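Read the structure below first, then the notes.
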Amino acid sequence: MTAADATEAALARGFRTQQLADHAFRGVTLTCALIVLLTLAAILVSLFVGSLPAFRALHLGFFTREVWNPVTEQFGALGPIYGTLVTSVIALLLGVPVSFGIALFLTQLAPEWMRRPIGIAIELLAAIPSIIYGMWGLFVFAPYFASHLQPWLTAHLGGLPLLGPLFQGPPLGIGMLTAGVILAIMIVPFISAIMRDVFETVPAVMRESAYSIGATTWEVVWNVILPYTRVSVTGAIMLGLGRALGETMAVTFVIGNAHDIHASLFMPGATISSTIANEFTEAVGDIYYSSLIALGLALFIVTITVLALAKWMLRRMALRVQ
Amino acid sequence: MTADPMRFGRRFTNLVTMGASAIVTVLGVAVLLAILAAVVGYGFEALSPRLLTDMTPPPGSNGGLLNAVVGSLIITGLGIAVGAPIGILAGTFLAEFSPGSWLTETTRFISDILLSAPSILIGLFVFEVAVVPVGHFSAWAGALTLAIIAIPVVLRTTEDMLRLVPNDLREAAAALGAPQWKSVVHVSYRAVRAGLVTGVLLAFARISGETAPLLFTALNNQFWSSDLNGPMANLPVVIFQFAMSPYDDWQRLAWAGAFLITAAILGLSILARVLFSTTKEKSR
């Protein structure tokens with residue numbers, strides 16, 4: 001064996017080692033990516049298995065009945081489902097226009113030096129944990145709401161036909177409306193941040209040509225920017241909805257936790273997530289426990305559907321940017 | 001020049017909508033300030049050195065939050081220790097090994113959904129797989145829950161950061177004969193080191209305030225515990241329990257805890273933001 005052969009053999013060995021290392025590294029990263037995929041599937045399967053006893057005992061009536069009685073083991077999800085939908089709708093009704101206004105301000109109105117600090121302030125709202133919103137809602141917002149806003153709402157809106165009953169009732173401070181308002185505050189940073197990014201993808205030439213034919217800023221926003229970004233804006237709103245549906249701690253603090261359905265938004269209620277948070281550790285008996293997991297399964301399926309739709313809509317924006 | 005009859009109406013609409021947009025922005029910033037003022041106002045007066053030397057008290061007596069603070073550090077620390085490497089490696093796969101493939105697209109999609117999925121359901125899941133089989137709550141289960149929440153945050157940031165690495169750098173490494181793992185570890189990772197740290201910090205900020213998923217995994221513990229196999233006190237659950245209680249001294253402690261947690265999270269978020277912008281500028 002010559003020296004050249006030995007060198008070549010050593011090189012080949014080194015090469016093989018590196019090839020192995022490459023395969024191993026790739027394998028490890030691939031495994032980690034698969035863990036993410038499997039986690040979602042595992043959550044779905046485990047919730048499904050956990051909710052089987054409830055579905056066997058209560059059938060589909062679980063979703064349509066209002067009763068929630070641990071003693072007789074009769075459980076219906078209608079109350080929490082109603083609470084989840086109502087609080088999320090309130091959150092969207094209040095949160096979407098505000099988010100739109102903030103995005104509009106940050107992209108069209110604010111002078112350059114103001115954009116960054118205000119943008120950061122709004123984004124920091126998203127970093128504050130849910131439980132802090134809950135405490136603030138319970139100890140600061142709810143008393144103020146009860147003493148100032150609720151009487152005002154009853155006086156001015158309570159007499160309206162159709163909508164009136166929504167705003168009648170005792171000014172308790174806590175309740176469905178309070179939960180909706182807190183949720184609105186919590187989803188604003190998410191929606192407005194995406195709307196801002198989306199608005200910035202509108203080509204300057206489109207905005208400028210509208211301005212050049214004499215459009216006002218509002219007309220540019222309403223007739224050029226919004227139509228151009230319609231799909232992504234809907235995606236941003238859906239993302240906010242996905243957040244609102246599943247939000248737990250803040251709602252648990254302020255909603256009052258009652259399973260009954262009332263016409264008034266001032267009355268206490270419950271959402272799916274607040275019911276789970278409040279009752280899960282105290283649930284006794286298989287059916288009770290399984291009913292709570294079934295609530296979780298329903299919430300999980302609804303939120304991942306909403307979030308998937310949101311992502312799909314926002315993807316089109318990402319493609320357009322590239 | 002003829003007068004435009006619509007002119008006043010159009011300018012009025014513009015004025016009203018622009019005014020409204022400025023007002024809601026002020027409102028948004030005001031809410032942030034109001035929350036911070038409440039947390040600082042109530043929390044600051046409840047701060048005392050005993051907070052970090054005494055255990056959580058029974059109602060009606062003085063105490064601190066020592067066991068909760070330490071428990072939180074242990075559980076979130078473990079959560080990050082498990083979640084961050086998985087997130088970084090998965091993000092590496094997406095950005096370096098198979099960008100654009102269907103597996104990458106699917107993983108990113110699922111990860112983004114996990115990112116916004118209700119965290120309480122992740123708690124339910126871990127309860128089913130890690131609490132029911134062993135028959136008791138544990139700090140491990142809490143850490144596992146937080147790890148699952150941390151992974152998508154780290155994955156997302158890692159992938160975004162690695163995609164900022166110019167391909168020239170990778171090609172230069174390849175031209176020198178570097179195997180791909182070396183190119184990733186010594187070139188790509190090094191180029192966006194601050195960005196990777198950003199992702200971990202963001203995940204840390206995110207999970208240190210998570211309450212709902214800990215309710216039925218780590219539960220709570222009124223006493224000092226270093227047993228990872230048993231229930232462990234943690235700040236978010238203590239805050240929840242104390243704030244909802246009717247006792248004044250418990251509520252005061254809850255505000256003190258809220259102050260600690262908010263300060264930590266906002267500090268981490270701002271640090272992450274600074275790091276992020278330096279990475280982004282460097283890669284330009």
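So you know, we letter chains A, B, ... as the sequences are listed, proteins then strands, and number each from 1. Note that the structure is predicted; figures quoted are calculated from it, not measured.
- With respect to A:Glu219 and B:Arg11, no salt bridge is recorded, no charged nitrogen being found less than 4.0 Å from a carboxylate O.
- Taking the centre of each ring, B:Phe109 and A:Trp312 stay at or above the 6.0 Å mark.
- Interface residue B:Ala254: backbone and side-chain heavy atoms are both found under 4.5 Å from chain A.
- Between B:Leu215 and A:Phe280 there is no side-chain heavy-atom pair separated by less than 4.5 Å.
- Comparing B:Ile110, B:Ile120, B:Ile265 by how many heavy-atom pairs each has under 4.5 Å with chain A, the most go to B:Ile120.
- Here the closest non-hydrogen pair linking B:Met244 and A:Leu138 is SD-CD2, 4.1 Å.
- Counting heavy-atom pairs closer than 4.5 Å to chain A, the top residue among B:Thr92, B:Ile35, B:Val16, B:Leu114 is B:Ile35.
- Ranked by heavy-atom pairs under 4.5 Å with chain A, the list B:Ala34, B:Ser119, B:Ala205 is led by B:Ala34.
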Take B:Leu266 and A:Leu124, measure what side-chain contact (heavy atoms from CB on, under 4.5 Å) needs, and give me the verdict at the end.
CA-CA 7 Å; B:Leu266 291 186; A:Leu124 283 184; 4.1 Å; yes
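- At distances below 3.5 Å, not a single donor-acceptor pair connects side-chain atoms of B:Asn14 with backbone N or O atoms of A:Thr216.
- Judged by distance alone, with hydrogens and angles left aside, the side-chain atoms of A:Asp22 form a donor-acceptor pair with the main-chain N or O of B:Trp181 at under 3.5 Å.
- Heavy atoms only, all atoms of each residue included: B:Leu115 and A:Arg243 are closest at O-NH2, 3.8 Å.
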